[in-house]
Amino acid sequence: SQQGEEDPQALSIQEGENATMNCSYKTSINNLQWYRQNSGRGLVHLILIRSNEREKHSGRLRVTLDTSKKSSSLLITASRAADTASYFCATDRAGANSKLTFGKGITLSVRP
Amino acid sequence: EPEVTQTPSHQVTQMGQEVILRCVPISNHLYFYWYRQILGQKVEFLVSFYNNEISEKSEIFDDQFSVERPDGSNFTLKIRSTKLEDSAMYFCASTSHSGGAGNIQYFGAGTRLSVL
């Protein structure tokens, strides 16, 4: 089993539409984060939600966390062509030096 | 805005050669990491480093790998004798892990290692 599995694997939407990406995980977590990666580039942190939080907003991003279902969703509202990228969820466990465990990622294409 | 810097951006090497990948973490950060991403696959944890010693390492991080913080700013990953399967993008990350910020890890742009 894998920690941090996203679905769908790929998503193609029209500019202006909302994009919803889901992530599931297997073990207990401390935090869940979403990162974005443009093709061949580094990982950019988007948003972090703690295990005792249920929802968080940052600009056009909304992330939810359901620890009972071990799942999270990332909503990007009013998508733009510049949102085209791969999106990864990553979890960590309690501890000051905790590694991140990444999912396989979702490829989002926003058509202009 | 402070950022994690990695050099080189692309390293080509022959199988069996030693490579050193370099990283300059964000200056006030205390925790450092290396991850790798084989083309088309997910990002995998290699090693974490704190207080001048390895905190945790994955199964991937075998005796061919080592990390070092040779001075107050650099953090290096050495692969002693590269194999074809070491070809990947290697990412360095750092975090301050202050309580309010949680475990937000800031990543460099990566070094693409190509082993021929």
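Numbered from 1 within each chain, the chains take letters A, B, ... in sequence-line order. Everything numeric here is computed off the predicted structure, so don't read it as measured data. Both backbone and side-chain heavy atoms feed into the values below; hydrogens, waters and symmetry mates do not.
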**Request:** Show your reasoning for whether side-chain contact (heavy atoms from CB on, under 4.5 Å) applies to A/Tyr35 and B/Gln105.
**Result:** CA-CA 10 Å; A/Tyr35 284 82; B/Gln105 294 184 18; 3.7 Å; yes
**Request:** Applying ring-ring contact (aromatic ring centres under 6.0 Å, His included), run through A/Phe102 and B/Phe45 and close with a yes or a no.
**Result:** CA-CA 8 Å; A/Phe102 285 84; B/Phe45 168 77; over 10 Å; no
**Request:** Begin with the C-alpha distance, continue with both residues' side-chain angles, and end with the deciding distance and a verdict on side-chain contact (heavy atoms from CB on, under 4.5 Å) for A/Lys99 and B/Glu56.
**Result:** CA-CA 8 Å; A/Lys99 66 183 181 186; B/Glu56 186 177 357; 3.3 Å; yes
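In A/Lys70, the NZ atom is crowded: over 12 heavy atoms of neighbouring residues, nucleotides or ligands sit closer than 6.0 Å. Within 6.0 Å of the CZ atom in A/Arg54, the count of heavy atoms belonging to other residues, nucleotides or ligands exceeds 12. More than 12 heavy atoms of other residues, nucleotides or ligands lie within 6.0 Å of CD in A/Gln14, so this atom counts as buried by the packing criterion. For CG of B/Asp63, the number of neighbouring non-hydrogen atoms (other residues, nucleotides, ligands) closer than 6.0 Å is 12 at most.
Not a single donor-acceptor pair under 3.5 Å links the side chain of B/Tyr106 to the backbone N or O of A/His45.
In this view, A/Glu55 and A/Arg62 satisfy the salt bridge (Lys or Arg N to Asp or Glu O under 4.0 Å) rule, not counting sequence neighbours. A/Arg111 is linked by a salt bridge (Lys or Arg N to Asp or Glu O under 4.0 Å) to nothing, counting only residues two or more places apart in sequence or in another chain.
For B/Gln37, the part lying near chain A is the side chain, with the backbone staying farther off; criterion is any non-hydrogen pair under 4.5 Å.
Placement of A/Ile106 and A/Leu61 within a single hydrophobic cluster is found when ILVMFWY residues are connected by side-chain heavy-atom separations under 4.5 Å, directly or transitively. B/Tyr50 and B/Val24 are assigned to two separate hydrophobic clusters, defined by single-linkage of ILVMFWY side chains at heavy-atom distances under 4.5 Å.
Using a 4.5 Å heavy-atom cut-off against chain A, the contacting residues of residues 74-92 of chain B are B/Met89, B/Phe91.
Grouping Ile, Leu, Val, Met, Phe, Trp and Tyr by side-chain contacts under 4.5 Å, direct or through others, puts B/Leu116 with B/Val12.
Using a 4.5 Å cut-off on side-chain heavy atoms (C-beta onward), A/Leu100 and B/Tyr33 make no contact.
Comparing A/Ala90, A/Ser86, A/Gly42 by heavy-atom pairs within less than 4.5 Å of chain B, the highest count is held by A/Gly42.
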